[in-house]
Amino acid sequence: MLLITGAGVAPATAAEGTVTVSSGGYEVTARVVVSDRDTTGSRDMPIDIYLEHDGTAISLDQGWVDVTDPAGNQVWAGDAGLTEVEEGHLRAVPRLQDAALIGDYRVSFTAFVDVQGAGAPALVRIGAVNLVSFQVRHPTVLEANARSGNQPTGTVTTVAGKMGWRVWRDAGYYSSVAATGAVVDIDFDPEGPGPRAKVGTATVSSTGFFQMDTRVTAPGRWYVSYAGSSEQNPETVRITQSARPHTRSVHQGTASRTSGNATARIRVTATDVVTTLEPQMVRVDFGVTTFGTIGSTYGVRVEGRRGEGSYPNGRDYAPRHSFVGANSAGYITMKMDALTPPGVYDVGANVVVGTCTKWSFSGSCGPMDLPIKDDTITTLTVKRATITTISASSKSLAAPQSVTLKGSVRKLQLVSNREAAYRYSPKAPVKLYWDPAGSAAPQYKKTVYTNSKGVWAAKVPTSASGRWVAEFPGTSLHASSTRTVWITVK
């Protein structure tokens with residue numbers, strides 16, 4: 001009895017086929033496994049055969065494998081004879097030549113195996129013609145990364161990369177070409193239970209590069225994939241994406257430089273800052289959005305527009321850079337504290353970008369160094385912290401009635417060139433909101449002002465349980481702040 005399954009076109013990654021024979025009182029099944037290949041040069045092509053049987057032991061007596069290319073030619077180069085790797089596992093290793101044809105290859109085999117068991121030993125012949133096939137295609141060379149480091153969520157980043165093929169020429173040699181016009185799919189798989197989803201696509205340019213601007217929504221992984229074709233292998237690159245949450249406004253800007261057919265562009269990302277008495281580390285991110293790297297740098301610079309205290313001409317930061325993603329992205333960190341002058345800071349860069357001008361299989365991309373100098377790519381705003389308080393004359397009412405709310409506003413401010421402290425703020429506006437219990441949104445009621453001592457008071461009617469919210473809206477130099485008090489009406 002002979003049973004064959006699995007013959008036909010191979011799946012994209014590996015192909016399997018099985019054949020079963022009954023002979024000499026035993027049943028033997030051979031499962032043939034072979035993987036798809038590409039034309040990266042002469043290479044071994046392992047073909048594995050796994051044997052199952054109803055005896056007690058099995059061993060190879062002799063056997064061979066035949067591989068037929070798309071033109072019907074036999075692939076005999078190398079050792080096509082079967083060898084025994086271990087009991088029940090046979091292997092043949094023909095060699096795929098550098099000039100291998102593109103298309104489907106068919107695998108046939110014949111093996112004589114000695115089977116031992118409860119009955120007499122038997123020499124069993126097993127084999128099949130064109131049992132399974134595999135594909136040979138040209139290799140796809142795909143590289144990609146996310147042009148950011150640990151970006152704030154919601155900001156713009158660039159997924160960029162390069163792609164090329166190695167193709168066989170009629171003249172009898174391989175050459176490397178850009179995958180011009182090929183389309184890559186870009187998916188994002190967030191950390192946690194969220195599903196992997198397609199974000200967009202990018203098309204490879206005539207020089208072999210692609211890019212897509214997108215938003216950083218969460219930490220996770222980018223997947224950049226090429227589906228392949230009848231002649232080109234599919235390929236996928238996975239990129240880890242870090243992201244950090246934030247509660248303050250984020251600012252982004254770009255600067256670019258073009259020379260001939262080369263363009264370099266960088267993006268700078270900065271987050272607004274609220275300083276307190278405790279020093280804090282502030283981070284500014286940058287990344288190359290075209291395909292290139294920052295080979296040398298004079299710095300991403302942050303410079304204040306106004307002076308104060310120990311910094312009469314504003315404060316200037318030019319800290320050391322930290323790079324990520326093979327120097328395609330990076331960040332700077334700097335320490336800010338209560339002595340840092342508040343106000344608007346310009347964020348600029350003076351960098352040299354090694355820009356790729358053409359794709360190459362060998363790794364050389366025709367680099368061209370392009371300097372980018374722009375002192376005002378984007379901005380960030382520094383504000384000092386404030387503290388708003390609120391209290392109620394009664395927090396539990398037997399019936400609807402008016403209550404008196406009181407509170408204060410204090411601002412962090414300089415008291416000398418070397419010292420800062422929280423001081424009560426006179427004539428500061430305080431907005432009062434009523435936030436009833438339940439899902440209803442807070443309702444603005446009125447604005448009151450602090451007196452000369454920095455305190456305020458207001459009498460307000462309260463007819464139901466809920467919160468009164470006091471908000472100092474902030475200024476160009478001081479951050480807003482809020483505080484609430486809960487009142488229960490029985």
Side-chain angles (χ1 to χ4, degrees), residues 6-17 33-41 43 45 69-70 96 98 100-107 132-147 157-169 174-190 194-217 220-241 289-291 325 328 356 358-363 365:
V9 177
T13 54
E16 293 189 14
V33 180
V34 61
S35 298
D36 290 348
R37 292 292 184 268
D38 60 52
T39 57
T40 52
R43 56 188 299 183
M45 185 173 55
D69 71 13
L96 190 69
D98 190 51
L101 296 176
I102 300 298
D104 290 337
Y105 285 63
R106 300 182 301 278
V107 177
V132 70
S133 65
F134 63 94
Q135 288 185 319
V136 172
R137 289 180 283 199
H138 294 309
T140 297
V141 181
L142 174 64
E143 296 180 31
N145 60 36
R147 300 286 164 153
T157 189
T158 299
V159 178
K162 59 181 180 178
M163 193 171 86
W165 293 313
R166 190 167 182 256
V167 299
W168 178 253
R169 299 298 191 187
Y174 278 106
S175 65
S176 302
V177 299
T180 303
V183 176
V184 294
D185 295 321
I186 300 175
D187 299 355
F188 186 70
D189 185 12
R196 172 176 165 177
K198 185 175 179 178
V199 177
T201 61
T203 302
V204 181
S205 70
S206 60
T207 54
F209 304 105
F210 62 87
Q211 64 183 66
M212 184 190 75
D213 289 345
T214 184
R215 295 279 178 180
V216 176
T217 57
R221 292 182 177 87
W222 297 104
Y223 288 85
V224 181
S225 303
Y226 170 62
S229 69
S230 60
E231 294 190 350
Q232 305 296 334
N233 268 347
E235 191 64 66
T236 297
V237 174
R238 187 178 69 179
I239 311 159
T240 299
Q241 172 69 64
T289 65
T290 48
F291 205 85
S328 65
C356 287
K358 61 180 180 179
W359 179 87
S360 172
F361 186 82
S362 65
C365 65

Item to check | Sequence-distant partners of D69, salt bridge (charged side-chain N to carboxylate O under 4.0 Å, His left out), two or more places apart | outcome: none

Checklist outcome for this item: Residues A202 and I186: closest non-hydrogen pair is CB-CD1, 4.3 Å

Checklist entry - Going through the distances and angles, do Q211 and T290 end up as a side chain to side chain contact (heavy atoms under 4.5 Å, CB included)? => result CA-CA 7 Å; Q211 64 183 66; T290 48; 4.1 Å; yes

Checklist outcome for this item: Here the gap from T157 atom OG1 to M212 atom CE, rounded to the nearest 0.5 Å, amounts to 9.5 Å

Item to check | Donor-acceptor pair between D213 and T158 side chains, under 3.5 angstrom | outcome: yes

Item to check | Shortest non-hydrogen contact from Q232 toward P139 | outcome: OE1-O, 3.7 Å

Next on the checklist: If you compare all heavy atoms of A144 against all heavy atoms of F210, which two are closest, and at what distance to 0.1 Å?
Outcome noted: CB-CZ, 4.2 Å

Item to check | Nearest heavy atoms of F291 and G161, plus distance in Å | outcome: CE1-CA, 3.3 Å

Item to check | For P195 against P190, the heavy-atom pair lying closest together | outcome: O-CD, 3.4 Å

Checklist outcome for this item: Residues at least two apart in sequence or cross-chain that pass side-chain hydrogen bond (donor to acceptor under 3.5 Å, both in side chains) with D189, listed by chain then number, are none

Checklist entry - Within the distance-only criterion (no hydrogens, no angle test), does the side chain of R147 pair as donor or acceptor with the backbone N or O of S328 below 3.5 angstrom? => result no

Item to check | Residues which pass side-chain hydrogen bond (donor to acceptor under 3.5 Å, both in side chains) with T289, listed by chain and number, not counting sequence neighbours | outcome: R265

Next on the checklist: How close do N145 and I239 get, counting heavy atoms only, and between which atoms?
Outcome noted: CA-CD1, 3.5 Å

Checklist entry - What's the spacing between H138 NE2 and S229 OG if we round to 0.5 Å? => result 9.0 Å

Checklist entry - Could you give the distance from CZ (R106) to CZ (F134), rounded to the nearest 0.5 Å? => result 10.5 Å

Checklist entry - Looking only at atom types and distance, does a side-chain atom of R37 sit under 3.5 Å from a main-chain N or O of S35, one as donor and one as acceptor? => result yes

Next on the checklist: side chain to side chain contact (heavy atoms under 4.5 Å, CB included), that's the test. Do D187 and K198 meet it? Break it down for me.
Outcome noted: CA-CA 4 Å; D187 299 355; K198 185 175 179 178; 3.5 Å; yes

Checklist outcome for this item: Sorted by chain and residue number, the side-chain hydrogen bond (donor to acceptor under 3.5 Å, both in side chains) partners of R215 (sequence neighbours excluded) come out as none

Next on the checklist: side chain to side chain contact (heavy atoms under 4.5 Å, CB included), that's the test. Do Y105 and M45 meet it? Break it down for me.
Outcome noted: CA-CA 12 Å; Y105 285 63; M45 185 173 55; 5.7 Å; no

Checklist outcome for this item: CD1 of I102 to CZ of R137, rounded to nearest 0.5 Å, is 9.0 Å

Checklist entry - Quick one: CD on E143 to NZ on K162, what's the gap to the nearest 0.5 Å? => result 4.0 Å

Please tabulate, for side-chain N and O atoms in residues 221-228, each donor-acceptor pair with protein atoms closer than 3.5 Å (sequence neighbours left out).
unit_1, atom_1, unit_2, atom_2, d
W222, NE1, Q241, OE1, 2.9
S225, OG, T236, OG1, 3.1

Next on the checklist: Quick one, W359 with T180, criterion side chain to side chain contact (heavy atoms under 4.5 Å, CB included). Give me CA distance, side-chain angles, the key distance, then yes/no.
Outcome noted: CA-CA 10 Å; W359 179 87; T180 303; over 6 Å; no

Checklist outcome for this item: Hits for side-chain contact (heavy atoms from CB on, under 4.5 Å) against T203, two or more places apart or cross-chain, chain-then-number order -> V183

